[in-house]
Structure formats: C-alpha cells, structure tokens
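Comments concern the structure below.
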Amino acid sequence: MYEIKVERTAAPKAKPADESKLGFGTIFTDHMLIMNYDKGQGWHSARIVPYGPIPMEPSAMCLHYGQEIFEGLKAYRGDDGGVYLFRPQENFKRLNASCERMCIPPLDEELLLESLKQLVELDRDWIPHAKDSSLYIRPFIIATEPKLGVKPSDSYLYMVLLSPSGPYYPTGLDPVKIYVEQSYVRAVRGGIGMAKTGGNYAASLKAQDEAHGQNYSQVLWLDGVERKYIEEVGAMNMFFVIGDEVVTPALSGSILPGITRKSVLELLRSWGLNAVERRLSIDEVVEAYRSGKLAEAFGTGTAAVISPVGELKYDSLVMTIGGGRIGPVSQRLYDTLTAIQWGRAEDPFGWRVRVC
Ligand code: PLP
Ligand code: COI
C-alpha cells in the first residue's frame, strides 16, 4: 500500500445541474492529485488536495521550452453502480514512454494507478449519470525548475485533474467532417509525434483554425516527409474500411500509439475481420473512394471514442463516405467498446478496472 495524504476540501462545489450541457473539459471536481520530483530525492509526497491554483515561478522551464507531457483517460459510472477505468495501465505505460522521450524521470506505474483510484473514489459523486458522459481524467507532468537555460529540468510536478464531461464532439456519434492538411505538418519520424506532449498540439492549432474556417471539425495529417501517407487526426487515430480490409496507419514514431486504436484492432481481430496496420497513402484512399471500395472511415480516441467520418476533403475533392452516415463496422465497434467501458457487457479481454 502506498501512503497518499488526503486533504479534503472544506468548501465542496456545487455539481453541474444540467448534465446535458457538460461540454468537454471545462468543469473540475473538488480534488486533485499532486506529487513532486526533486533531483536527489526522486518522486515524492503524493497527496490529494482541494482543486485550485498552484504557485509557480515565472521562470519555470515548462513555460519556456515546453518540457511537459500528459495523458487522457476516463472513469465510467457503470449501470451496476460500479465505477470503472478502461485499461489505465496502458495510459501509465504510455506516460512513461512520453517521459522517456522528453527527458522526464520515470514514475512507478503501480503508484500512479493506486493514487488515481483513490482520487476517483474520493470524487466519485462527480461522475455524471447522463448517457455518453463520463469523468475525463487528465494526468500531466510539468518541468518546474526556475531557470532559462535549455536542459532537462531538475524538478517536476505530476498532477491529475478530473473533469465531468460529455462527448468530445458536440455532434456526438454523428459523422464528422475532416480536411486533409496539405500545407502544415504535425510531426516527423524522429521527432516527438509519438509522445503525448503539448508541443504536438501547439503545432496543430494553425491548421485546425484554418479547417474550422472552412467548416471542418479537424484536420487529417499526412506524413511530414513525403506528404503522402496518412498519419492521424488532432485527437484520434484513423481507420479506413477498404474492400475486405480495415486499415490503420502503422505506428511509425510520428503518431500517437492510441489505446483505443489498440483495443479496436484487438476487437476487429477477435471478430475475424482483416485488421491491418500498414502505410496507407491518401492516393490509395482517393482511389478506393473512386472505385466504390471505401466503405467507412472513423477515428478512435479516449475523448472521441469512435467517431465516424462522413466527409473527407482532399484538395478540391470532397469525398462523402458511407452516404455521410455511420457504417456497420463503426457502429459495432462503438456499441461493443462503450458496453465494455460502462460495464454493460462481459469484459472478455480484462480491460475494465473497478475503482469502487
Ligand atoms: N492521437 C492523438 C494525437 C491524441 O491526442 C489521441 C488522444 O489521446 C489519440 C490519438 C487517441 O489515443 P487514445 O485512444 O489513447 O485516447
Ligand atoms: C484524449 O482523447 O484523451 C485526448 O487527449 C484528446 C485531447 C487532446 C482532448
């Protein structure tokens, strides 16, 4: 057992009155988790405290050079009254992989899981009841050493915030419109694309802004070298149903190894479908569209769950996929994944972790 000090809030906040208007990531619960790292001491002093501002030096290194990483997972209120996490060990494994890339000292994954369970249990009344809503969990680490030299920091903060949230896309399961980005790139092999670190998201803002201006919700990134191969979308990995294959770009080092992606591959294969990880060019997608072989496209992510893509724009070509409606593979994946997450179905893969 790990010793985690708990300071309860003396002033609990009112919970959201209307759960249909939660939005995504704007409301925070009563408590947060915090832990420090100091050179010579290692990670220490894990504690749960009331949610609130943190004191920080303006010279803290994360503010200048972006040495930070984060994760995203959810706690679900099960129909049986239980509270569940979905494959949290995978998030903590990826957190340490991001740390490794960003020169942040690794953390004890068992401590991370144990402390998260305690935090979620303490704030369990904040988990929303409304359909498709959950408690979004945001673990993150920032470099706090007060210094302007460029080097790995000697001190860090690990924190976890909890946010009762509705669907990431306001349109829910309705197909989204996506625009294939041709001018900007997000990441290159050898860069930081495989790490969940703020710089990747900062790099995406300009393109996303321009896509919004054209009434598209997100951009689909192409590889940064040949500008030809499909990578991923802002907050999700991509899958295409082409003929008898369900194709997703292989993990090349420049895209995030999504946990929903991994789960979807395992589900598809367990159904006997031909799920393939390989290079997929935008030209191949266009050709499949033109020959009538492109049946479905969908994104996968913790926040986005399964998001069907109804329209994909590449250059001047506007491709309407599956008649702009959700297809059978996407629907089956959505139904199966959410049933496992909310504890409504058997969990044959052992993905659910019960908190309380
Ligand atoms: N790709 C990016 C860039 C993301 O931010 C996310 C979200 O976490 C994903 C993919 C999907 O990953 P996961 O399924 O682990 O949430
Ligand atoms: C997630 O799906 O957890 C994400 O991190 C998406 C986020 C960038 C909003």
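For ligands, and for the atoms within them, numbers begin at 1 and follow the listed sequence.
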Inset, instruction - Measure from NZ or CZ of K74 to the centre of the six-membered ring of Y136, then state whether that distance is under 6.0 Å and the direction lies within 45° of the axis. - result: no
Please list, in number order, the atoms of ligand 1 under 4.0 Å from a heavy atom of [X].
{"X": "G258", "result": "12 (O), 13 (P), 14 (O), 15 (O)"}
{"X": "Y201", "result": "2 (C), 3 (C), 4 (C), 5 (O)"}
{"X": "K196", "result": "4 (C), 5 (O), 6 (C), 7 (C), 8 (O)"}
{"X": "G301", "result": "11 (C), 14 (O), 16 (O)"}
{"X": "E232", "result": "1 (N), 2 (C), 3 (C), 10 (C)"}
{"X": "R94", "result": "12 (O), 13 (P), 15 (O)"}

For [atom], grab the closest protein heavy atom and report residue, atom and distance to one decimal in Å.
{"atom": "atom 16 (O) of ligand 1", "value": "T302 OG1, 2.6 Å"}
{"atom": "atom 2 (O) of ligand 2", "value": "A303 N, 2.9 Å"}
{"atom": "atom 3 (C) of ligand 1", "value": "G234 O, 3.1 Å"}
{"atom": "atom 8 (C) of ligand 2", "value": "Y201 CE2, 3.7 Å"}
{"atom": "atom 6 (C) of ligand 2", "value": "A235 CB, 3.7 Å"}
{"atom": "atom 3 (O) of ligand 2", "value": "Y136 OH, 2.6 Å"}
{"atom": "atom 5 (O) of ligand 2", "value": "K196 NZ, 2.8 Å"}

Inset, instruction - Answer yes if the side chains of S281 and D283 hold a donor-acceptor pair under 3.5 Å, and no otherwise. - result: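 Result is no, nothing qualifies.
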Could you tell me, atom by atom, which parts of ligand 2 come under 4.0 Å of a heavy atom of [X]?
{"X": "F24", "answer": "9 (C)"}
{"X": "Y168", "answer": "9 (C)"}
{"X": "R138", "answer": "5 (O), 7 (C)"}
{"X": "G72", "answer": "3 (O)"}

Inset, instruction - Please determine if T300 has a nitrogen or oxygen closer than 3.5 Å to a nitrogen or oxygen of ligand 1. - result: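 No; every N/O pair is 3.5 Å or more apart.
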Legend entry - NZ/K147: more than 12 non-hydrogen atoms of other groups inside 6.0 Å: no
Inset, instruction - In sequence, state the C-alpha distance, the side-chain angles, and the governing distance for R138 and E71, and then conclude on salt bridge (charged side-chain N to carboxylate O under 4.0 Å, His left out). - result: CA-CA 6 Å; R138 170 52 56 85; E71 267 303 324; over 6 Å; no
Inset, instruction - Select one of side chain, backbone, both or neither to describe which atoms of K74 lie under 4.0 Å from any atom of ligand 2, heavy atoms only. - result: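 It is neither; nothing of K74 touches ligand 2.
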Legend entry - Side chain, backbone, both or neither: E71 near ligand 2, heavy atoms under 4.0 Å: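 It is neither part, as no heavy atom is under 4.0 Å.
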Inset, instruction - Tell me, please: is P257 in heavy-atom contact with ligand 1, that is, under 4.0 Å? - result: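 No.
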Inset, instruction - Say whether G72 and ligand 1 are in contact under the criterion: heavy-atom distance to a ligand atom below 4.0 Å. - result: no
Inset, instruction - Would you mind finding which of A187, S204, G299, A235 brings a heavy atom closest to atom 6 (C) of ligand 1? - result: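 It is A235 whose heavy atom sits nearest to atom 6 (C) of ligand 1.
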Legend entry - Proximity winner for atom 14 (O) of ligand 1, if only heavy atoms of N200, T260, V305 are counted: T260
Legend entry - S254 and its side chain to side chain donor-acceptor pair (under 3.5 Å) partner, picked from R189, E231, R186: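 Result for side chain to side chain donor-acceptor pair (under 3.5 Å) with S254: E231.
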Legend entry - Check against side chain to side chain donor-acceptor pair (under 3.5 Å), E311 and Y216: CA-CA 9 Å; E311 184 178 313; Y216 285 86; 2.7 Å; yes
Inset, instruction - With side chain to side chain donor-acceptor pair (under 3.5 Å) as the test, would you mind laying out the steps for N36 and H44 before giving the verdict? - result: CA-CA 5 Å; N36 297 71; H44 64 92; 5.2 Å; no
Provide the closest heavy-atom pair for [X] versus [Y] in the form atom of the first, atom of the second, distance.
{"X": "T29", "Y": "K13", "answer": "O-NZ, 2.9 Å"}
{"X": "I142", "Y": "C62", "answer": "CB-SG, 3.8 Å"}
{"X": "Y158", "Y": "I141", "answer": "CD1-CG1, 3.7 Å"}

Legend entry - I259 and ligand 1 - part of the residue with a heavy-atom distance under 4.0 Å: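 Under 4.0 Å from ligand 1, I259 contributes backbone and side-chain atoms.
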Legend entry - Mode of R186 contact toward ligand 1 - side chain, backbone, both, neither (heavy atoms, under 4.0 Å):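 It is the side chain that touches ligand 1; the backbone stays farther off.
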Inset, instruction - Please test S98 against T197 for side chain to side chain donor-acceptor pair (under 3.5 Å), starting from the C-alpha separation and ending with a verdict. - result: CA-CA 7 Å; S98 297; T197 182; over 6 Å; no
Inset, instruction - Decide yes or no on salt bridge (charged side-chain N to carboxylate O under 4.0 Å, His left out) for K21 and D18, but give the supporting numbers first. - result: CA-CA 6 Å; K21 298 204 174 69; D18 183 355; 2.9 Å; yes
Legend entry - F298 and F239 aromatic ring geometry - parallel, tilted or perpendicular at 30°/60° bounds: parallel
Inset, instruction - Classify the angle between the aromatic ring planes of Y76 and W342 as parallel (below 30°), tilted (30 to 60°) or perpendicular (above 60°). - result: perpendicular
Legend entry - is_close_aromatic(F140, F70), centroid dist under 6.0 Å: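 No, the ring centres sit 6.0 Å or more apart.
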